[in-house]
Protein chains: 2
Amino acid sequence: MARIDPSITPAAETAAAAGDLQAMSVDFFVSFVQVFGLPKSIGQIYGLLFVSAEPLPMDDIVGRLGISKGSASQGLALLKSLGAVTSRSVPADRREHFEADLNVSRIVTHFFENRLQPRLEHGDRRLEEMMELARAAKRETKGGGATAVLTRIQALQKWQKRGRNLLPMVVRWLKR
Amino acid sequence: MARIDPSITPAAETAAAAGDLQAMSVDFFVSFVQVFGLPKSIGQIYGLLFVSAEPLPMDDIVGRLGISKGSASQGLALLKSLGAVTSRSVPADRREHFEADLNVSRIVTHFFENRLQPRLEHGDRRLEEMMELARAAKRETKGGGATAVLTRIQALQKWQKRGRNLLPMVVRWLKR
DNA sequence: CCGGTCGTTCAAATCAAAATGAACAAACAG
DNA sequence: CTGTTTGTTCATTTTGATTTGAACGACCGG
């Protein structure tokens with residue numbers, strides 16, 4: 001059952017076909033996670049686990065991908081927190097073994113809820129404040145461009161609202 | 001009509017209120033564009049133009065934001081290409097003057113069509129290739145995990161398709 | 001034409017994010 | 001207990017992206 005020798009750094013493997021598949025998967029997921037601004041290592045690890053027939057321990061991951069123990073540890077921690085990877089225990093082996101969970105929506109939802117939502121909310125508050133200042137400016141100055149700015153901010157608020165409505169729809173659609 | 005002295009670097013301005021509004025706008029748009037992975041300067045420039053009563057020439061932008069001529073030039077070029085900023089000519093002035101266009105959908109659509117779509121398409125091709133290799137692997141090896149991997153790739157393809165269906169829907173929804 | 005302003009380009013400097021790896025803690029085996 | 005293996009943390013290094021600024025070309029007014 002011994003896996004490929006992890007000391008051989010990159011991907012010098014048994015069957016060329018298997019190696020290619022792994023490389024492609026890694027590649028695919030690296031570019032996938034990068035869309036969401038996640039570090040490359042996340043994609044590498046997930047890509048490797050995705051095509052692996054059985055769960056892998058951390059040193060296999062380190063060995064096969066040629067990344068550091070630190071990266072692997074941190075990457076796996078994030079992936080677990082996303083629910084994208086689960087650890088499974090293997091009979092006569094003390095080490096934690098990892099397995100890819102195929103739930104794309106978890107990753108995407110995490111992105112929405114952690115990157116987008118907070119920004120949208122923070123944006124809301126700032127828009128309110130801007131509105132306030134703009135109104136004050138309008139009162140104080142005579143004609144000026146103050147009114148024009150006010151109108152713009154209002155338009156922005158409408159967009160903001162649109163965005164906030166759209167997001168949950170998208171999330172819901174992805175979940176089923 | 002003379003604007004604020006551009007030599008005074010950051011934002012030491014006439015009315016504190018006006019200054020705050022500008023700062024808030026810059027801030028707002030900086031964090032907005034960063035969601036889409038665009039450089040900060042883009043957000044700064046757009047934020048400034050957004051609250052400016054009249055179109056501004058490049059040196060005003062450089063002066064008020066305290067950024068370099070190079071950044072301003074490049075940033076404005078991108079913003080123009082996005083259709084987020086338009087240049088307008090001002091009577092007795094040779095310089096190009098810039099004005100913010102309030103079309104959020106342009107920016108977002110650009111992001112979708114330029115960052116997401118290409119990746120999705122590239123992803124499609126890679127998934128096809130992976131599928132091919134996995135099928136080959138299945139034929140060659142006896143039982144193995146080859147079948148399991150094949151199933152996973154198929155599931156991924158389904159997700160990929162979902163994504164490709166969702167995007168145009170979102171874009172359409174944003175456009176009106 | 002000619003001097004000067006305006007704007008772009010690009011190599012080099014700067015900055016922020018990610019990866020590394022050594023030191024450390026926890027879990028276990030004997 | 002004690003020595004070993006496994007996994008985490010975090011200061012340092014690396015890497016990639018953005019910003020800078022100087023050099024350049026285009027354009028205009030006189």
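Of the candidate nucleotides D:dG7, D:dT20, C:dT9, D:dT20 has the atom nearest to the side chain of B:Ser71. Of all nucleotides listed (D:dT8, D:dT9, C:dC6), D:dT9 comes nearest to the side chain of A:Gln74. With distances taken from any side-chain atom of A:Ser68 to the nucleotides C:dG21, C:dC6, D:dT20, the minimum falls on C:dG21. For B:Arg94, the listed nucleotide lying nearest its side chain is C:dC6; candidates were D:dT6, C:dC6, D:dT8. Minimum atom distance to the side chain of B:Lys69 is reached by C:dG7, of the listed C:dG7, C:dA19, D:dT19.
Rounded to whole angstrom, the span from the CG atom of B:Leu76 across to the P atom of C:dT9 amounts to 13 Å. Atom NZ of A:Lys40 is separated from atom P of D:dT14 by 16 Å (rounded to the nearest Å). Atom pair A:Met58:CE and D:dT9:C1' shows a separation of 12 Å (rounding to whole Å applied). B:Ile42 has its CD1 atom 8 Å from the P atom of D:dT19, to the nearest Å. Whole-Å rounding puts the B:Leu78 CG to C:dT9 P distance at 13 Å. As rounded to whole Å, 16 Å separates atom P of D:dG7 from atom CG of A:Leu79. Distance, A:Asp60 CG to D:dT5 P: 17 Å, rounded to whole Å. Computed from coordinates, the B:Arg95 CZ to C:dG4 P distance equals 18 Å when rounded to whole Å.
Between A:Phe29 and A:Tyr46, the angle of the ring planes goes over 60°, which puts this pair in the perpendicular group of the 30/60° scheme.
Both B:Val35 and B:Leu78 are members of a single hydrophobic cluster when ILVMFWY side chains are connected at heavy-atom separations under 4.5 Å.
Both A:Asp93 and A:Gly70 lie near DNA chain D, and the one whose nearest nucleotide falls closer to the 5' end is A:Asp93. Along DNA chain C, the nucleotide closest to A:Ser41 and the one closest to B:Lys80 are compared, and the more 5′ of them pairs with B:Lys80.
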Q) Does the pair A:Arg64 and A:Leu56 meet the rule for a side chain to side chain contact (heavy atoms under 4.5 Å, CB included), with working shown? A) CA-CA 10 Å; A:Arg64 292 227 219 169; A:Leu56 299 180; 4.0 Å; yes
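Exactly one residue among A:Arg162, A:Glu128, A:Arg152 makes a side-chain hydrogen bond (donor to acceptor under 3.5 Å, both in side chains) with A:Gln157. That residue is A:Glu128.
How far CG of A:Leu156 is from CE of A:Met131: 10.0 Å, rounded to the nearest 0.5 Å.
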